Protein chains: 2
Amino acid sequence: MILERAAELLASSSSGDVSTRAVCEAAGVGQPVLYRLFGDKDGLLAAVVDRVWDEYLSMKRAARASADPLEDLRRGWDNHTAFALAHPHAYRLLFGGALASMPEAVDEAMGLLRGILERLAAQGRLRMPPEDAARFVMAANSGVSLGLILRPDSYPDPSISTDARDAAFRAILADTDDSEPGGADAAGVAATTLRAHLTESDALTAGEKALMREWLERIRRRRRAD
Amino acid sequence: MILERAAELLASSSSGDVSTRAVCEAAGVGQPVLYRLFGDKDGLLAAVVDRVWDEYLSMKRAARASADPLEDLRRGWDNHTAFALAHPHAYRLLFGGALASMPEAVDEAMGLLRGILERLAAQGRLRMPPEDAARFVMAANSGVSLGLILRPDSYPDPSISTDARDAAFRAILADTDDSEPGGADAAGVAATTLRAHLTESDALTAGEKALMREWLERIRRRRRAD
DNA sequence: CGTATCCACGTATCGACGATAACACAGACT
DNA sequence: AGTCTGTGTTATCGTCGATACGTGGATACG
C-alpha cells in the first residue's frame, strides 16, 4: 500500500524525488509508520525500486525459456532498456547511484544475465568468461539506458539501444560462422570509411553528399541485418 | 574560490552531497552570494563538476596528438575511467543523473571522442558511423565507470575497465587482422570495395545504384588525382 | 564637498524536509 | 484485572534550500 503510493508519486514526480511526508499523506499514515517499516527514506526508495523492478521482471519471467540463448540475451537487453524508459526515475535510483543501500534488483538481473551467458559459453559461442561478459553487457546496457534517460539530446533515437546491443554482443561472442576474415562486413566498413571522407571531398555537391550519406547508411544497415 | 572550497567539500564528503551552508561557511561568504553567482544549488554543483572535469581534461589535453588514433582512443577510455575513480562523487553527478542542468563537460568529452573516431573512420578502421560509435563507447565507458564506483563488489578489479575497453573497441572496429590500417588512399579503396558489393546489395534501387556507381567513380578519381 | 544612486554583502527568516521522542490505544497472555 | 507488546498518532527538533530586508560602501553627479 505504502509502496504502491510511493511508486506512483515517484513515477509522477518531475524531479525524480519524493518526500516522506507526501508518501505518508497519500497512504494515510503517519511518518513513524514509514520509518518503522523501512527504517529510512533510503530503505523506502530501495523497496520501491525493488517492487517496480520485480513487477517488471515477472512480466519478463513468463516468456523466458527459449531454445536459443542468444535470443534470450537480446530480449533481456531490450527489456532492460524498455524498463529504463518506462520507469526513468526508478531506473536512475537503481543505476544512477542515488541510493546508498543497493537494492538486490541489480544483483538479480546480473544473475539472470550470467545464466544466459553460461548457456552461450556451454555452446562455445562466448569468447570470454561469462562473468566478464555479464559485467560488460550490464555496464553497456545501463550506460546506454542512462544515456537515453539523462541525455535525450545526445541519444535522440531509442533504436540506438538495439545498435549498441548488437555491438556489445559482437564484442563478447566468438566470431560466428561464415565468410573469410576481414571480408565479413567489408561493405559496411567501406560505407563508413567513405562517409568519413565525404565531408572533405569536393567531388560531390552538398546535395549529392546528403543523398550519398543516406544511401551509405542504408547499405551499411542492410549489410549488418543480413 | 567558492568553487574550490565546494570541490574540496564534495570530494571529502562521504555521502556525495554538500550543503550550501557548508560551502558558504568554508568560503567565508553568505548564502545569498552563492545564489547570486550560481543561481541555484544545482548550478553550483554543475559549475563544480565542470571545474573538476576541466582541470582533469587539461591534464589530458597536454599529450593529445598521437599518430595512431586507436592509441588516443585507448588513452581516452583509460583517462575517463581514471577520472571516475579519482573523483567518484563528481562523476556520479555527471553521469548518474543527479544534476538537473547538464554540465557541458559531457558534451565536450563526446566531441573529443567523436573527433578521434572520425580519424579512425577516415582510415577505414571503423565499421559504423563515428556518431554511433561515439555514443556506444561513451555509454560503455560510463557504464563500466559507474559500476566500478557504485558496485565495487560486482566490479572488484579495476582491470575490468581495460577488458571492457578492448571489448568495446572490438565491437566498433573493422576486423583489421592484416595490420594494414587504411593506407594512404582509404577512400579510394572504400569506393572500390563498395562498388564491388553494389551489385548484390538490395538496399538501393537499380537507378540509385547507377547514380551511386557514378559518384563512387568520381570520388575515387578525385582521390587518386591528389 | 555633499548628496543621491546603485551594487554587493550579511542577517534574519521562511517553508519544507528527514527523523525522532513522547504518548495513546487495542488486543493477547498470565 | 493487570501487564506487556506492538502499532499508530501528535508534536517537535535540527537541517536544509532559498529569499526578503536592511546596511555599508563605492561611484556618479550637482
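What you see is a predicted model; the values in this text were computed from it and never measured. Order of the sequence lines sets the chain letters (A, B, ...), proteins ahead of strands, with each chain counted from 1.
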Engineer: I'd like to know if Arg119(B) and Asp72(B) make a salt bridge, using a cut-off of under 4.0 Å between side-chain N and carboxylate O.
Structural biologist: yes
Engineer: I would like to know whether Tyr91(B) and Ser142(B) meet side chain to side chain contact (heavy atoms under 4.5 Å, CB included); could you show each step before the answer?
Structural biologist: CA-CA 9 Å; Tyr91(B) 190 85; Ser142(B) 62; 3.4 Å; yes
Engineer: From CZ of Arg21(B) over to P of dG17(D), roughly how many Å is that when rounded to an integer?
Structural biologist: 7 Å
Engineer: I'd like to know if Glu214(A) pairs up with Arg218(A) as an ion pair, taking the criterion as any Lys NZ or Arg NE/NH1/NH2 lying under 4.0 Å from an Asp or Glu carboxylate oxygen.
Structural biologist: yes
Engineer: Identify whether the distance between the nearest side-chain nitrogen and carboxylate oxygen of Arg51(A) and Asp54(A) falls below 4.0 Å.
Structural biologist: no
Engineer: How close or far is atom C1' of dC16(D) from atom CG of Leu44(B), stated in whole angstroms?
Structural biologist: 14 Å
Engineer: Hey, which sits more toward the 5' end of DNA chain C by its nearest nucleotide, Thr20(A) or Gly28(B)?
Structural biologist: Gly28(B)
Engineer: Has Gln123(A) got more than 12 heavy atoms of other residues, nucleotides or ligands less than 6.0 Å from its CD?
Structural biologist: yes
Engineer: For DNA chain C, which residues in residues 30-42 of chain B have a heavy atom at a distance below 4.0 Å?
Structural biologist: Gly30(B), Pro32(B), Val33(B), Arg36(B)
Engineer: Quick check: are there more than 12 heavy atoms from other residues, nucleotides or ligands sitting under 6.0 Å from CD of Glu131(A)?
Structural biologist: yes
Engineer: Charged N to carboxylate O under 4.0 angstrom, Arg125(A) versus Asp68(A)?
Structural biologist: yes
Engineer: Could you check whether Arg135(B) pairs with Asp132(B) (Lys NZ or Arg NE/NH1/NH2 to Asp/Glu carboxylate O, under 4.0 Å)?
Structural biologist: yes
Engineer: Under 4.0 angstrom, heavy atoms only, what part of the nucleic acid is Val18(B) near: base, sugar-phosphate, or nothing?
Structural biologist: sugar-phosphate
Engineer: Using rotation axes that map the C1' atoms of four end pairs onto the next four (five pairs an end), what angle separates the end axes of the helix from dC1(C)-dG30(D) to dT30(C)-dA1(D), to 10°?
Structural biologist: 20°
Engineer: Which nucleotide of DNA chain C is the first, and which the last, in the 5' to 3' direction, to come under 4.0 Å of a heavy atom belonging to chain A?
Structural biologist: dC17(C) to dA21(C)
Engineer: Does the side chain of Leu146(B) come within less than 4.5 Å of Phe95(A)'s, by heavy atoms?
Structural biologist: no
Engineer: Would you mind checking if Asp17(B) and Lys41(B) are paired as a salt bridge, meaning a charged N to carboxylate O distance below 4.0 Å?
Structural biologist: yes
